[in-house]
Structure formats: structure tokens, C-alpha cells
Amino acid sequence: MGKRIALTDYIEVDGVALSYFARSIEFTSEDDQIDVSGFNATGSDETLAGKRARSVTVEFGMGRGANEPHQVLYPLHRDKSVFPFVWRPDVNAAVSATNPELRGEVTLPSYTEGATRGDYEVASLTFLSQGDDGL
């Protein structure tokens with residue numbers, strides 16, 4: 001597998017392509033580790049995987065026009081909506097083993113934005129997977 005420079009990623013939120021506004025993306029999948037240790041001769045621990053949490057964090061430049069991040073994302077947060085999310089590494093290639101797509105239903109439980117004089121306005125937002133088939 002070759003090395004990749006992230007330049008052509010595709011990001012879609014609730015059916016709206018927001019790739020143009022996205023600067024970074026990070027997917028996380030984490031299982032709780034449940035301690036099921038018992039007494040044993042070596043004193044070693046034993047764990048089992050518990051609940052799984054999946055999330056995607058995206059840093060967006062915050063445009064406020066129609067089909068731009070604020071107008072798309074804030075209502076989804078405000079209304080506590082569950083909505084589709086899609087990410088794939090290359091917008092120019094079909095979904096495949098070398099261009100996998102992360103797709104699923106998510107929520108946006110926290111929404112934050114702000115600005116600093118003279119700086120590019122960005123917001124880092126975390127989408128949480130919902131349901132058994134999420135992300």
C-alpha cells in the first residue's frame with residue numbers, strides 16, 4: 001500500500017458535500033476494556049472488550065452561506081438529529097479496497113465555534129456513531 005497525502009478526501013454530512021470546508025478528519029473506534037481478572041498464580045490481569053464507541057472528528061472552516069458548515073451543522077445539533085455521514089479518501093475514485101468508505105448514522109452532541117481577529121475561522125466537531133451499523 002502506498003503512502004498518501006490527504007488532498008482529495010470526500011466528506012458528506014446529511015447529504016451535503018462539505019469537503020471543500022474540511023481541513024482534517026480523524027476516525028476513532030474504541031472498545032471499553034472490562035476487567036474480568038480472577039486470582040491466579042501469576043497475578044496477571046484479564047480483560048474482555050465491552051461497549052464500542054465510534055466517532056469522527058472533522059475540522060471545518062466555518063462558512064455561513066447556504067450548504068456551508070454553519071447552516072448545515074448547527075440545525076442538526078440544535079434539533080438533536082440523527083443523520084448520515086460519509087468519508088472516503090479519494091473523491092475521484094470509486095469505493096474499493098484501496099478507497100474504502102466510512103458511512104453511517106451519526107449525531108453531533110456538541111457544537112462550538114468562535115473566531116480570532118485576523119485568523120481563519122475553524123471549528124473542530126465530533127460526530128458520534130449511532131446504532132449497530134454506524135460507521
Side-chain angles (χ1 to χ4, degrees):
M1 181 95 162
K3 297 177 182 175
R4 181 175 96 87
I5 296 176
L7 293 174
T8 59
D9 290 58
Y10 177 74
I11 298 167
E12 180 182 299
V13 178
D14 199 29
V16 179
L18 293 176
S19 307
Y20 179 75
F21 296 94
R23 294 170 42 117
S24 67
I25 187 164
E26 180 179 335
F27 170 66
T28 303
S29 179
E30 186 173 4
D31 295 335
D32 286 342
Q33 296 299 303
I34 309 301
D35 186 348
V36 294
S37 304
F39 296 115
N40 61 66
T42 62
S44 60
D45 292 337
E46 181 182 7
T47 61
L48 293 176
K51 296 182 300 181
R52 175 170 292 160
R54 295 166 305 246
S55 64
V56 177
T57 300
V58 183
E59 185 180 62
F60 290 105
M62 292 306 292
R64 287 184 172 71
N67 289 328
E68 292 184 356
H70 178 76
Q71 296 235 355
V72 172
L73 300 171
Y74 183 70
L76 295 170
H77 164 71
R78 179 192 63 215
D79 300 340
K80 299 181 179 181
S81 300
V82 176
F83 51 92
F85 180 93
V86 177
W87 168 43
R88 69 178 171 273
D90 187 352
V91 69
N92 300 309
V95 175
S96 67
T98 58
N99 191 38
E101 185 171 83
L102 185 70
R103 173 184 290 271
E105 298 290 309
V106 298
T107 60
L108 183 58
S110 179
Y111 185 89
T112 184
E113 64 177 318
T116 301
R117 183 178 184 272
D119 285 352
Y120 181 49
E121 183 182 349
V122 297
S124 184
L125 302 172
T126 300
F127 301 87
L128 300 180
S129 175
Q130 300 298 306
D132 292 336
D133 60 348
L135 302 177

Study note, to complete from the structure: Separation between CG (Asp9) and CZ (Arg23), nearest 0.5 Å, reads 14.0 Å
Practice item. Quick one: pull up OG1 in Thr28 and CD in Glu26 and give me the separation to the nearest 0.5 Å. Key: 4.5 Å
Practice item. Kindly assign one of parallel, tilted or perpendicular to the pair His70 and Tyr74, based on the angle between their ring planes and the thresholds 30° and 60°. Key: parallel
Study note, to complete from the structure: Note: Asn40 and Gly38 closest approach over all heavy atoms is ND2-O, 3.2 Å
Review point. Got Leu135 and Val106 here, is their nearest side-chain heavy-atom distance under 4.5 Å?
Key: yes
Review point. Are side-chain heavy atoms of Phe85 and Ile11 found at a separation under 4.5 Å?
Key: yes
Exercise for review: Verify side-chain hydrogen bond (donor to acceptor under 3.5 Å, both in side chains) between Asn92 and Thr8, making sure each step is shown before the conclusion.
Suggested key: CA-CA 7 Å; Asn92 300 309; Thr8 59; 4.7 Å; no
Study note, to complete from the structure: Closest non-hydrogen atoms of Leu108 and Thr126, given as atom of the first, atom of the second and distance, are CD1-O, 3.4 Å
Review point. Do Gln130 and Leu128 come close enough that some side-chain heavy atom pair is under 4.5 Å?
Key: yes
Review point. Does one hydrophobic cluster hold both Met62 and Ile25, with members joined at side-chain heavy-atom distances below 4.5 Å?
Key: yes
Review point. Between Glu121 and Arg64, is the closest basic N to carboxylate O distance under 4.0 Å?
Key: yes
Check your understanding: Val58 and Tyr111: same hydrophobic cluster, using ILVMFWY side-chain contacts below 4.5 Å?
Key -> yes
Review point. Considering only heavy atoms from C-beta outward, does the side chain of Pro69 approach that of Leu18 to under 4.5 Å?
Key: yes
Point to revise | Cluster check Phe21, Leu125: I/L/V/M/F/W/Y, side chain < 4.5 angstrom | key: yes
Check your understanding: Ser37 side chain to Glu46 main-chain N or O, any donor-acceptor pair under 3.5 Å?
Key -> yes
Review point. How far does CG of Asp31 sit from CD1 of Ile34, to the nearest 0.5 angstrom?
Key: 9.5 Å
Practice item. Indicate the atoms forming the closest heavy-atom contact of His77 with Pro109, along with that distance. Key: CE1-O, 3.2 Å
Point to revise | Straight-line distance of Ser19 OG to Phe60 CZ, nearest 0.5 Å | key: 8.5 Å
Check your understanding: Between the side chain of Asn99 and the main-chain N/O of Ala93, is any donor-acceptor distance below 3.5 Å?
Key -> yes
Practice item. Start with the C-alpha gap between Phe27 and Arg54, add the side-chain angles, then the distance that decides, and say whether side-chain contact (heavy atoms from CB on, under 4.5 Å) holds. Key: CA-CA 7 Å; Phe27 170 66; Arg54 295 166 305 246; 4.2 Å; yes
Check your understanding: Do the non-hydrogen side-chain atoms of Pro84 and Glu105 ever get within less than 4.5 Å of each other?
Key -> yes
Practice item. Can you establish whether the number of heavy atoms outside Glu30 located under 6.0 Å from its atom CD is more than 12? Key: no
Review point. So with a 6.0 Å cut-off around CZ of Arg4, is the heavy-atom count from everything else above 12?
Key: yes
Point to revise | Spatial distance of atom CG (Asp45) from atom CG (Asp35) [nearest 0.5 Å] | key: 5.5 Å
Review point. Does a side-chain heavy-atom distance below 4.5 Å link Arg88 with Val86?
Key: yes
Check your understanding: Heavy-atom distance under 4.5 Å between the side chains of Phe127 and Leu73, does that happen here?
Key -> yes
Review point. With no hydrogens and no angle check, is any side-chain donor or acceptor of Ser81 less than 3.5 Å from a backbone partner on Phe83?
Key: no
Review point. Between Tyr10 and Val13, is there a shared hydrophobic cluster once you connect ILVMFWY residues whose side-chain heavy atoms come closer than 4.5 Å?
Key: no
Study note, to complete from the structure: Correct closest heavy-atom pair for Gln33 and Ala49 would be NE2-CA, 4.3 Å
Exercise for review: Determine whether Thr47 and Val36 make a side-chain contact, defined as any pair of heavy atoms from C-beta on separated by less than 4.5 Å.
Suggested key: no
